[in-house]
Amino acid sequence: MREYNIAVLKGDGIGPEIVDEAIRVLDKAGEKFGFHMNYTYALLGGCAIDETGVPLPQETIDACKAADSTLLGAVGGPKWDNVPGDRRPEKGLLGIRGALGLFANLRPAVIFPQLRSASPLRPEIIGEGLDILVVRELTGGIYFGERGRRTVDGAEAAYDTEQYSVPEIERIARVAFEMARKRKSRVCSVDKANVLESSRLWRATVTRIRDEEFPDVELSHMYVDNCAMQLVRNPGQFDVIVTSNIFGDILSDEASMISGSIGMLASASLSGGKSGLYEPIHGSAPDIAGTGKANPLATILSAAMMLRYSLGEAEAADAIEAAVSRALEKGRTADICTEGMKLVSCAEMGALVCESL
Ligand code: NAD
């Protein structure tokens, strides 16, 4: 039997509830597809501050590095809002991403046909549904570039620097092209090459990698302002979007809003190797923690991404995604429940996915 070692960081708020359901589904998928998961639980965020005084203990980094992959719930909450900045739960999140060298962030924006009415876009714009994968560079660009204050013409000024090296662009481009090969084989690279020198290097490098290594994948380029518009005008035109850290930050939020439900959206962050960090895009939802109202599907879909991208269990990943789709016909948590549909709790939603598997 195939065995995988998974580090599990449940985190705070609804984190433990939603992660428990994802584990239930992973175990069920293992029974069906012939693999076994060994879980190592570790602390991150507020719960880690409470137990150890820091949001990211060294043992957590060690556990994640030793594992085949990491599954994360969410961190943070009002209890820790007043701790000093460098000890905030979110610091733990940035810290673990850095420690694992996660340079590629993958965010699918998918609309399940059953939830089409949740989208803020008109049905004729959404058409048959939507399936976009935004690949965002996560460790370079203006968020990490040189910054500072200086005096310009006698007035105080501030500056941040957008900088990308060729190897940084090459590795994120490869991730995007590889992902596209598993989908519809189309990549749209988004930049601002009409204005920015860094974008001109980005565009030339992405084009070269396609020509040299991925000639079978279709590549187009789009300016970021146009892309922001096209996402709400005709989102069906996109398959994989690859872009820089700051553009990806903004466009991935826009793309995920199109799907209408924060409780449904998964994400993956990858390093060069096989292992990655998988988590829902939403936060710890302290307002509903402990009430059983949380929607576990984003975490369950994150676990499916882990099977596909880190563990090579694509068949099980497909089966979980199909099971989520079927479960949506049988019951829904409060955030996505519509009239006439059975209202279920977090645990019942997890059970429905297992049953549908
Ligand atoms: P949030 O995503 O936690 O919640 C926003 C709203 O969406 C809330 O009304 C919440 O109840 C609802 N919601 C979120 N996830 C849901 C789910 N699975 N099912 C049903 N409803 C859901 O964002 P927030 O309120 O801005 O932040 C709360 C805390 O989470 C803060 O401490 C913030 O720093 C933290 N946070 C953590 C992450 C992370 O761990 N990656 C991301 C964002 C925010």
Side-chain angles (χ1 to χ4, degrees), residues 5-27 37 39-57 59-61 63-64 67 69-83 87-100 102 105 107 256 261-269 276-307 310 320 324 333-336 344-351 353-354:
N5 298 316
I6 308 300
V8 179
L9 315 176
K10 293 187 178 185
D12 310 312
I14 60 170
E17 306 162 44
I18 54 179
V19 168
D20 282 348
E21 296 316 310
I23 285 180
R24 202 137 68 110
V25 172
L26 277 174
D27 288 342
M37 299 287 192
Y39 303 105
T40 303
Y41 295 90
L43 297 168
L44 182 77
C47 59
I49 296 172
D50 288 350
E51 288 230 354
T52 70
V54 293
L56 176 60
E59 300 88 82
T60 298
I61 298 176
C64 294
S69 217
T70 300
L71 183 65
L72 167 66
V75 301
K79 183 178 175 192
W80 304 281
D81 275 352
N82 295 320
V83 299
R87 300 206 150 194
R88 292 281 302 254
E90 295 78 6
K91 267 275 173 209
L93 205 54
L94 292 177
I96 193 69
R97 288 176 184 154
L100 299 179
L102 305 170
N105 182 234
R107 265 171 61 168
S256 53
S261 181
I262 194 169
M264 296 294 300
L265 296 167
S267 81
S269 301
L277 178 77
Y278 295 82
E279 58 180 316
I281 71 157
H282 59 71
S284 59
D287 53 332
I288 56 166
T291 65
K293 285 187 188 157
N295 181 351
L297 294 178
T299 317
I300 291 170
L301 292 168
S302 302
M305 287 184 85
M306 179 170 85
L307 289 169
S310 281
I320 290 175
V324 166
T333 47
D335 58 314
I336 50 170
V344 299
S345 69
C346 181
E348 286 165 341
M349 193 75 238
V353 177
C354 287

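Positions are given from 1 along the sequence.
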Novice: Is there a side-chain contact between V75 and P55 (heavy atoms, below 4.5 Å)?
Specialist: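 No, their side chains stay 4.5 Å or more apart.
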Novice: Under a 4.0 Å threshold between the charged nitrogen and the carboxylate oxygen, would K293 count as salt-bridged to D335?
Specialist: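 So D335 does not pair with K293 through a salt bridge.
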Novice: Working to the nearest 0.5 angstrom, can you tell me the gap between S267 OG and L72 CG?
Specialist: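 Result: 8.5 Å between the selected atoms.
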Novice: Quick one, T333 and P296 - any side-chain contact, counting heavy atoms below 4.5 Å?
Specialist: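 Side chain of T333 against side chain of P296, heavy atoms only: contact under 4.5 Å found.
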Novice: Contact between D27 and Y39 at the side-chain level, heavy atoms closer than 4.5 Å - yes or no?
Specialist: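 D27 reaches Y39 side chain to side chain.
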Novice: Please report the interatomic distance CD1(I96) to CG(L102), rounded to the nearest 0.5 Å.
Specialist: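 So the CD1 of I96 and the CG of L102 are separated by 8.0 Å.
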Novice: Where is the tightest heavy-atom contact between I18 and P280, given as atom of each residue plus distance?
Specialist: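 Looking at all heavy atoms of both residues, the shortest contact is CD1-CG, 4.2 Å.
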Novice: Do S256 and R107 pass the side chain to side chain donor-acceptor pair (under 3.5 Å) test, and can you show the C-alpha distance, the side-chain angles, and the key distance before you say yes or no?
Specialist: CA-CA 8 Å; S256 53; R107 265 171 61 168; 3.2 Å; yes
Novice: Is D50 paired with K79 through a side-chain N to carboxylate O contact shorter than 4.0 Å?
Specialist: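 Looking at D50 together with K79, the answer is yes, because their closest N to O distance falls below 4.0 Å.
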Novice: Do M349 and L297 have side chains that get closer than 4.5 Å, going by heavy atoms?
Specialist: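 Sidechains of L297 and M349: in contact.
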Novice: Side chains of L265 and H282: does their closest heavy-atom pair fall under 4.5 Å?
Specialist: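 No, every pair of side-chain atoms sits at 4.5 Å or beyond.
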Novice: Within the side chain of D12, is there an N or O that forms a donor-acceptor pair under 3.5 Å with the backbone of G46?
Specialist: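 Confirmed, D12 side chain pairs with G46 backbone.
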Novice: Between CD1 of I14 and CG of D20, what distance do you get to the nearest 0.5 Å?
Specialist: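 Here the rounded value is 12.0 Å.
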Novice: Nearest heavy-atom pair of A48 and P57: which atoms, and what distance?
Specialist: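 Of all heavy-atom pairs spanning A48 and P57, the closest is CB-CD, 3.8 Å.
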Novice: If you compare all heavy atoms of L9 against all heavy atoms of C64, which two are closest, and at what distance to 0.1 Å?
Specialist: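 For L9 versus C64, the nearest heavy atoms are CD1-SG, 4.0 Å.
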Novice: For L26 versus M306, what's the shortest heavy-atom pair and its separation?
Specialist: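 Smallest heavy-atom distance, with atoms named: CD1-CE, 3.9 Å.
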Novice: Work out which heavy atom in R88 is nearest to a heavy atom in I49; give both atom names and the distance.
Specialist: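 Closest heavy-atom pair between R88 and I49: C-CD1, 4.2 Å.
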Novice: Looking at W80 and P89, what are the two nearest heavy atoms and their distance?
Specialist: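 Looks like CB-CG, 3.6 Å.
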Novice: Side chains of T299 and K10, heavy atoms from C-beta outward: is any pair under 4.5 Å?
Specialist: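 They are not in side-chain contact.
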Novice: Nearest 0.5 Å, what's the CG-OG distance between N295 and S345?
Specialist: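 Rounded to the nearest 0.5 Å, the CG-OG separation comes to 11.0 Å.
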Novice: How many angstroms lie between CG in L301 and OH in Y278, if you round to the nearest 0.5 Å?
Specialist: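 Output value for this atom pair is 13.5 Å.
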Novice: Using a cut-off of 6.0 Å, state whether more than 12 heavy atoms not belonging to R87 lie near its atom CZ.
Specialist: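 Counting neighbours around CZ of R87, 12 or fewer heavy atoms of other residues, nucleotides or ligands fall under 6.0 Å, so no.
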Novice: First locate atom CD1 of I262, then atom CD1 of I281, and finally report the distance between them rounded to the nearest 0.5 Å.
Specialist: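 One finds 5.0 Å between CD1 of I262 and CD1 of I281.
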Novice: Can you confirm whether T40 sits close enough to N5 that some side-chain heavy atom of one is under 4.5 Å from a side-chain heavy atom of the other?
Specialist: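 Heavy-atom side-chain distance check fails, nothing below 4.5 Å.
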Novice: Using side-chain heavy atoms (C-beta onward) and a distance below 4.5 Å, is T70 in contact with E279?
Specialist: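 Not in contact.
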